[in-house]
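Below is one structure, written out as structure tokens; comments come after it.
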2 protein chains.
Amino acid sequence: MPEPKPKRSGCPINLATEVLGDGWSLVVLRDIMFGGRRTYRAILTNSLEGIATNILASRLKQLVENGLLTAAPAPDHRQKTIYSLTEKAIALLPAMIALGAWGRQFLPTEPELAIRNQVLEEGGRELQEAFMAELRETHLGIANPSSGQSVAERLELAFQQAKSEIRR
Amino acid sequence: MPEPKPKRSGCPINLATEVLGDGWSLVVLRDIMFGGRRTYRAILTNSLEGIATNILASRLKQLVENGLLTAAPAPDHRQKTIYSLTEKAIALLPAMIALGAWGRQFLPTEPELAIRNQVLEEGGRELQEAFMAELRETHLGIANPSSGQSVAERLELAFQQAKSEIRR
DNA sequence: TAAACTGCTTGCGTTATGCAAGTGGATTAA
DNA sequence: TTAATCCACTTGCATAACGCAAGCAGTTTA
């Protein structure tokens, strides 16, 4: 059995850094959380930043080991692996939104790539909770009683609108 | 003149990761922001995680290059460098609090190291704003009209209380 | 039965990290 | 005045991580 490697310290910021403090973990989680990618191939071929195959494999493995993802074979294709967010990963949403809001304010973001984050930030705690409930339904199978247009749909719509506005 | 190196993408999460996505940047910022360290030596000798000298030097340089810190010689000691947070770094506070809250919930944090984060999270937006105003006064020289006990003092008090409670 | 798809692994060169020691200027104490 | 200490690093070197391109083995589809 793999014993947990010793932690540098018990400070929450440090521990979060030890889990997520590399160049790819948050980007992979973003693609699963906001982009709806569920497989190695889906992440790889749609990767905006061009993640390398070995890096993606190692990150997925690490995220599973750290309890942020679970892996299960696809029902229709034994070799295909479906990755699901855990509650631990879904609970990262507020931090990701805060980090994205900071990025939008201080870093040279592109509007159509920032729009999902903007919608979620402006939607406040209510919209964030609704999105987390959707993620829990999609990834954990926890029934979500909310009705009407899903947050995921709203995000996708905003993204498409932003894209078309930029093209003209 | 140093031309900016090409970004992997204009996504806010990715850009934030490119700036902060390593094992030390957030930890150094934490020590300056919450620990009140202002010099290389102060960070190094109090480092909970035992940062190496060359890594600290390279991170400080990087953080200055990325506009999160400014460096100025100390008035009493020409060789001593005082680092100050920029507005860009102070604006990271909400994200750091959110990340710390996540760490407290899902990672094996130690109570006395988590208490500052907890106080700030439970204090809500109001306390966060008050602390940011204090940081702006301390690091940017922007007058802070607020009176009474400072947030920094409250955090320190909570930390000392947590420490003494643990020792018995 | 072959082609395409699946999730990887492997080799290899480059870059980053980590440890220990050293450097050189500034300040302080005897 | 001189020695010790403080200050912010740098340097050398070993190890680990990253990044690119290619390859691989099982699965499914045409």
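Lettering of chains follows the sequences in order, A, B, ..., and the numbering in each one begins at 1.
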Under-4.0 Å side-chain N/O to phosphate OP1/OP2 contact, A/Arg59 with D/dC18: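 Checking A/Arg59 against D/dC18: at least one side-chain N or O falls below 4.0 Å of OP1 or OP2.
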D/dG26 phosphate, OP1 or OP2, under 4.0 Å from A/Arg78 side-chain N/O: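 So the side-chain polar atoms of A/Arg78 never come under 4.0 Å of the phosphate oxygens OP1 or OP2 of D/dG26.
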Contact summary for A/Leu15 and A/Ser9, nearest pair of heavy atoms: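 Scanning both residues completely, I find the closest heavy atoms to be CD2-O, 3.3 Å.
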5' precedence on DNA chain D between A/His77 and A/Asp22 (nearest-nucleotide basis):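 Nearest-nucleotide comparison on DNA chain D picks A/Asp22.
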Proximity to the side chain of A/Thr81 - top-ranked nucleotide from C/dG7, D/dC7, C/dG18: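 So the side chain of A/Thr81 is nearest to C/dG7.
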Nucleotide of D/dA8, D/dC9, C/dG7 approaching B/Arg41 most closely (side-chain heavy atoms):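 Minimum distance to the B/Arg41 side chain belongs to D/dA8.
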Between B/Glu165 and B/Gln161: side-chain donor-acceptor atoms closer than 3.5 Å: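 No, B/Gln161 and B/Glu165 have no side-chain donor paired with an acceptor closer than 3.5 Å.
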d(CH2, B/Trp24; P, C/dT17) in whole Å: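 Those two atoms, CH2 and P, are 11 Å apart.
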Any donor-acceptor N/O pair under 3.5 Å between C/dG25 base and B/Gln79 side chain: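 By the distance-only test, yes, there is a pair.
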Check: C/dT6 base within 3.5 Å donor-acceptor of A/Thr39 side chain: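 Donor-acceptor pair under 3.5 Å: no.
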Closest-nucleotide ordering on DNA chain C, the 5'-leading residue of A/Ala42 and B/Asn54: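 Its nearest nucleotide lies further toward 5', so the answer is A/Ala42.
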Backbone N/O of A/Pro73 and side chain of A/Thr81: donor-acceptor pair under 3.5 Å: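 Here the side-chain-to-backbone pair does not exist.
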Rounded (10°) bend between the five-pair end axes of the helix from C/dT1-D/dA30 to C/dA30-D/dT1: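 For the helix from C/dT1-D/dA30 to C/dA30-D/dT1, the axes at opposite ends meet at about 10°.
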